[in-house]
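For reference, the structure is listed below as structure tokens.
This one's a predicted model, so the numbers in the text were calculated from it and none came from an experiment. Order of the sequence lines fixes the chain letters, A, B, ..., with proteins taken first and strands second; residue numbering starts at 1 for each chain.
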2 protein chains.
Amino acid sequence: MRSDEIIRRLRRSGYKVTPQRVSIIKTLLGSREALTPAALFQKVRLVDPTVGEVTVYRTLNILSELGLVCVVSTAENVNGYIVRPGGHHDHLICSECGKVVDFRNCNVSELEKRLASETGFVIKEHRLDLYGLCPQCA
Amino acid sequence: MRSDEIIRRLRRSGYKVTPQRVSIIKTLLGSREALTPAALFQKVRLVDPTVGEVTVYRTLNILSELGLVCVVSTAENVNGYIVRPGGHHDHLICSECGKVVDFRNCNVSELEKRLASETGFVIKEHRLDLYGLCPQCA
DNA sequence: TGGTAATTGAAAAGGTTTTTCAGTAAGCTC
DNA sequence: GAGCTTACTGAAAAACCTTTTCAATTACCA
Ligand SMILES: [Zn+2]
Ligand SMILES: [Zn+2]
Ligand SMILES: [Zn+2]
Ligand SMILES: [Zn+2]
């Protein structure tokens, strides 16, 4: 997702587009890994010192509410935030060297249908992470 | 996983088996959905008022360290804990209220085999998170 | 049945996140 | 562009959540 799209979504939902929000969104987009609010604040303040920590929290809450970021739990009992990719989100991860390979042909839609009818959940997207060893590390 | 197994693992790792820890473990096992420390404390105190909130936190940290529970992020910036099923751990997560339900019959082993032969990865475990709306929120 | 070291609950401390509030600025109308 | 309105901002305070401290208790081993 591009920052233009996120900003358009913000404006369309009635939120004002402030320079602080733009800085926060661009910084979050610029990071490949999930950032905690504190980490995001550290990064943002380098490019835009007018951004306060409180605004980072507020902006993350708005983006989260609009479904534009997804929340992942990090090691230290703090949530991390990452811009949500469109569609599904599947990874093959090497536990040894950390290499990540994306794949799409996951074929879990059949499972989704079955679980939807069993549990009553309306399933919208998914994320499948497979852990193991890459050819180099195996 | 049964409470006997968890208790054996605790003892084997050098931890003492106290009535408080047993109450906490049994309560966590008795819940199909992930519990926050506060929610777990509320449930435990009903069956065992000798358990303090601090001990709930301490026990969850030990179980987490031993890999016996897995941590999922809930709606309210608080982590939820759930007993880790053997092997893979797969979740159905409500984007609205944060409810987490675990399931087992995921059937991704076929996909794992195919990806293994295509990419050369040795796949050891996986995590599948399905996002959507629970029956109450839909 | 002791002895010993881990564990416990309560209180205090340490972090993280939200609320409050006066000043500021985005976005709309003219 | 100027003026209006209302949302937004940073800083401080408040509200939470989690860990640490500490004296008393207790599981577990000999
Ligand atoms: Zn590797
Ligand atoms: Zn997929
Ligand atoms: Zn729900
Ligand atoms: Zn699975």
Pick the nucleotide of DNA chain D nearest each of A:R21 and B:Q20; which residue has the one closer to the 5' end? A:R21

Could you say whether A:G52 or B:T18 is positioned toward the 5' end of DNA chain D, judged by the nucleotide with the nearest heavy atom to each? A:G52

Phosphate OP1/OP2 of [N] contacted by [X] side-chain N/O (<4.0 Å):
| X | N | result |
| --- | --- | --- |
| B:Y57 | D:dT18 | yes |
| A:R11 | C:dA26 | no |
| A:T50 | D:dT9 | no |
| A:N61 | C:dT17 | no |
| A:R58 | D:dC8 | no |

Please tell me whether [X] and [Y] are part of a single hydrophobic cluster in this structure, the criterion being side-chain heavy atoms less than 4.5 Å apart.
| X | Y | result |
| --- | --- | --- |
| B:I6 | B:L66 | yes |
| B:Y57 | B:V22 | no |
| B:L130 | B:V101 | yes |

I'd like to know if the side chain of A:D129 and the backbone of B:R127 have a donor-acceptor N/O pair within less than 3.5 Å. no

So what does A:E53 touch, heavy atoms closer than 4.0 Å: a base, only the sugar-phosphate, or nothing? nothing

Tell me what B:P49 touches on the nucleic acid: a base, only sugar-phosphate, or nothing, going by heavy atoms under 4.0 Å. nothing

[X] [atom1] to [N] [atom2]: how many Å, rounded?
| X | N | atom1 | atom2 | result |
| --- | --- | --- | --- | --- |
| A:R12 | C:dC28 | CZ | P | 15 Å |
| B:K16 | C:dT7 | NZ | C1' | 7 Å |
| A:F41 | C:dT16 | CZ | P | 13 Å |
| B:I62 | D:dT18 | CD1 | C1' | 15 Å |
| A:E65 | C:dT18 | CD | P | 12 Å |
| A:Q42 | C:dT16 | CD | P | 11 Å |
| B:I24 | C:dT7 | CD1 | C1' | 11 Å |
| B:R45 | C:dA10 | CZ | C1' | 13 Å |

Heavy-atom nearest pair, A:E65 first then A:Y15, reads OE2-OH, 3.4 Å

